[in-house]
Amino acid sequence: MIQVNNLHKRYGKFPAVRGIDLTVQQGEIFGLIGPDGAGKTTTFQILAGVLEASEGQVEVLGRSPRHARLNIGYLTQQFSLYLDLSINENIRYSAGLREVSRQHLAERRDRYLKLMNLDRFGDRLAGQLSGGMKQKLALCCALVAEPDVLLLDEPTTGVDPVSRREFWDILAKLASQGVTIVVATPYLDEAERCNRIALMYDGKIQQTGTLKQLRANLGLHRLEVRAQRLAEVETALLQAIQRKKEHDQEHQKTSSLVDIQTFGDRLDVLVHEHNAGTAAVQQILQNQRLTVEAIEPVEATLENVFVTCLRQQGADPPFISLPRSKPQYSTRRAADTAIQTQHLFKTFGHFRAVDDVTLQVHYGEIYGLLGANGAGKTTTIKMLCGLLEASGGQISLAGQTQDLRSPDLRRRMGYMSQKFTLYDDLSVLQNLEFYCGVYGVPRSERRRKIDWVLEICGLVGQEDTITGRLPGGWKQRIAFGASVMHEPEILFLDEPTSGVDPLARRQFWRLIEDFARRGTAVLVTTHYLEEAEHCHQMGFMVAGTVVAEGSPSQIKAAQPGKLMEIVTNQTQLTADLLKTQLDPWRVSIFGDRLHVVLDQPDRQVPEIQAYLQHYRFEDGSPLILQSLRSVPFSLEDAFIGIVQRAQEKSL
Amino acid sequence: MFHKLIDRLLNSRIWALAVKEINQILRNKQLIFLLVFPPTIQLLVFGFALSPDVQFLKLGVVDYAQTQTSRELVSAMTENQIFVAQDHLFDEEELAKQVQLGQVTAGVVIPPDFDRQLQQGETSEIQVLIDGTDANTAGIANGYMTQIVQQFSHQLQANPRPMLIDPEVVFLYNAGLNTTWFFVPGVLGLVLTLTSSLVSSSAVVREKDAGTLEQLLMTPAEDWEILLAKIVPLFILMLGDVFLALTVAKLVFHIPFRGNMLVFTAVSAIYLFVGISVGILLATISKNQRQVVLTSFFINLPLIQTSGAIAPIESMPTFFRYLSLLNPLRHYVTIARGFLLKGVGIMELWQPILALIVFAIVLLTFSVKKFRSQLS
């Protein structure tokens, strides 16, 4: 369907794409992942016939992309909709552009709107839809011409997990109907749902393969380590890796531990081999007299693949701790509450945006506020920051309940919102100097702090660049640096990592963890559930209320039932069949696997097994059930379950 | 001691805010352009368009007399190309119609007994019709016409006696024409209004547009610090604009500058605060830059129209004449004319100056309050 040979694209002298080859088969979901500036969007634009390649052959459907345009659907990051037109009008407009006949239009519109669950809202203005619905509508508009190829450039950025999962289920369905899909995404858990994945960096494809192949190429395995004194365990293991590295250089031997990543209540250790790795970890911790609660061998994630691959390319942003000037306050009052709300309310007219929220964040704690778009996360943060007046309830910040907008209190807080909060027309240095000044960082220390931000962003020597010319991911990192230079005691982060590539996200979280360890209370919202694992505590918000609270492990453990992974020879068909038996949200497709949530596994598993085994195709051939096993809940599974159950309850 | 004070200033939030604003202004080529070119060009264009050097005005002639003297009078009128004889018509009604249609700007009617009256030494009355729609041109046309006819009278007789020909000028559509050389001070006020309101509103709304306002409000900076840091650099720039406009007025239009210029600068400064407050108000009620520009039309155009900057206040209906007392620009224009042309001072102009001060205080307070209320 798509054939690309030795594709090059240069903008002036700058090479954006430097020789990529790829082949995509019909009905395949092909994922393209990579950090900012890897050349993904350029590749998409060439495939869509919007840009001309500088060199190399590109064939889509056996023709040049420009000629195949009528059969290509292209979705960009921004919603390419007319917000002041209704759903129906938007669809009619794009059908008109693509010369779809009137009979076809009516039939396809009904079919696709039904598929997207939008059929009830035909007259609603596109501007009034949520982010997830807009993307579904944009997909509808692209589909109305029944394209053979769909090109989706980060279609789900900024869309909440529930909508994202729906979106991907639709993609899986389309692929099973023979549509070829190429998709880019910054969410690596989502990319795992592709049939094949290509990892792009620096204008080249570094690796291509199925998830399984990529894992095998990586040759590494993951251990989840849980322990009481996590910080000390991490330090001990890191030292061990460091020592091994030095040792290795002499002996040319590979060490058993490769990498460590800290999460809210566990460590991920990458090892060459499960058993030897486990033994090594235990050995190291025993030497340090540290106890472990559990070491669980699991499969490497796509993120592990991604990070390891990019590290080899030397793309890892450095982790440097902020040079401090204030004393550490972690030991002094770790037990104290930094942020507290009691029965917090916010109403807009009759609409209850935030409904009776009570939460508590201690110093040194990272608290994650998770929820779908419009669940009330941002409203809650804004009320805590004093940007919005609460309709009811109490707020206490750093022990203060009165005068929450006083400059004195705000000097002790940091805030970063999902929008880039830098002045685009100023240079990086001017921006940083401004935030230093306005937060009252003493002048003698400004240089050090600014240097720190430049260093973590890899912008040393480029501080006079105009901020607006930097890519989004970089701006986010500078904005983060700008909001913490004054060493806040309380830090509010509203989707700080949206649009940031996985490597930079990792650095982000190491920095956030570093702040927490030094006693800063962090309240963070995020759409990336893989990333929410970094939180110590989290609250799930649905329709303005907190419906579940706890550590990541507690939340996952509190999920009723089990998550089953099912592999058959007919993935889409199996999903469709199971959806007739179970609530549709319980079934989702991950590449060639199915994830199914069962509340009463003891009873339901045999039922499902029997049901699938007895199914016969029209020609009498059976559906082959290749495997059915229980897998641990991911936070995303937990999230979807919690949201769906809460919604069921409210109905 | 002094050193410490400087250090405290450099460490203060307001300094950081002001430096940021200045950096943004310096980066903003559009703003610099907005501050320099439109005021200069507006002043030049309006100034020359409304200048007294009127030429080629179309003149309709109804010559009932048809004598040599009457023809000489007409040629005197058209000699210096201020008027061009467009048409020789046969009756007044037709002339009136042509004026109405705008086909001629002025018309002259010479009575049949023109020669006879002159020979008898009587004063002959000729009628001059001038289209007063364009008040300024009409005023100028009137001035020239009067002069030409007077000179022609002088030529008719060596020893001056009471006037032989007395032109009786009738203004159509615009009776209370003010013939003073008033336009440059008026345009000065107009230019300051437009520039100060647009520039200040764009500086404030830009934060909203870019989403940085929220971040700014989360910093320890207080609302008044934020606004002060925005207003002060703009104010200084706008003062530069005042001097630029005055320079143009002096060098190009030779405005006499009769009054105390120091006091006039101070009054202009007060007026700038009015313009800046209007700008902040605009920015507060608008969501983005585009909306600001559109809304500013609704405010700035009526302000200018009812200020007497271009059309005289006397030509407005009574209701609007009183309403214009609520227009700060009207007071500023009055003051500017007083200082620049007539050379009068505070003693005579205390009323409009007081009005301006009141406007500045009320508008500034209101707009700062409004700005604060949008935050929560």
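First the proteins, then the strands, lettered A, B, ... as listed; each starts at 1.
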- Note on the structure: Among residues 6-19 of chain B, residues within the sub-4.5 Å heavy-atom range of chain A, in order of number, are D7(B), L10(B), N11(B), S12(B), R13(B), A16(B), L17(B)
- Query: Is Y82(A) atom OH crowded by more than 12 heavy atoms from other residues, nucleotides or ligands, each under 6.0 Å away?
  - Reply: no
- Under a 4.5 Å heavy-atom cut-off, does chain B meet the side chain of I466(A), its backbone, both or neither? side chain
- Message: For R469(A), I'd like to know if atom CZ has over 12 heavy atoms of other residues, nucleotides or ligands within 6.0 Å.
- Response: no
- Message: Does R443(A) have more than 12 heavy atoms from other residues, nucleotides or ligands lying within 6.0 Å of its CZ?
- Response: yes
- Item | Toward chain B, the part of M413(A) with a non-hydrogen atom under 4.5 Å | side chain
- Message: Can you tell me how far apart CZ (F434(A)) and NZ (K20(B)) are? Round to the nearest 0.5 Å.
- Response: 4.5 Å
- Message: Quick check for you: among R206(B), Q215(B), E222(B), E207(B), which has the greatest number of heavy-atom pairs under 4.5 Å with chain A?
- Response: Q215(B)
- Message: Between Y435(A) and L216(B), is there a side-chain heavy-atom distance shorter than 4.5 Å?
- Response: no
- Item | Residue-level contacts of residues 225-244 of chain B with chain A, using a heavy-atom cutoff under 4.5 Å | none
- Donor-acceptor under 3.5 Å (R411(A) side chain, P220(B) main chain): no
- Query: Is the NZ atom of K287(B) crowded by more than 12 outside heavy atoms at less than 6.0 Å?
  - Reply: no
- Message: To the nearest 0.5 Å, what is the distance between CD on Q430(A) and CD1 on I22(B)?
- Response: 11.0 Å
- Message: Between G437(A), G414(A), S406(A), who has the most heavy-atom pairs with chain B when the cutoff is under 4.5 Å?
- Response: G437(A)
- Query: Is any side-chain N of the basic residue among E214(B) and K382(A) closer than 4.0 Å to the acidic one's carboxylate O?
  - Reply: yes
- Smallest heavy-atom separation, L426(A) atom then R27(B) atom, equals CA-NE, 4.2 Å
- Item | Min side-chain heavy-atom separation L422(A)-T212(B) under 4.5 Å | no
- Message: Given heavy-atom pairs under 4.5 angstrom as the criterion, report whether the side chain, backbone, both or neither of S427(A) touches chain B.
- Response: both
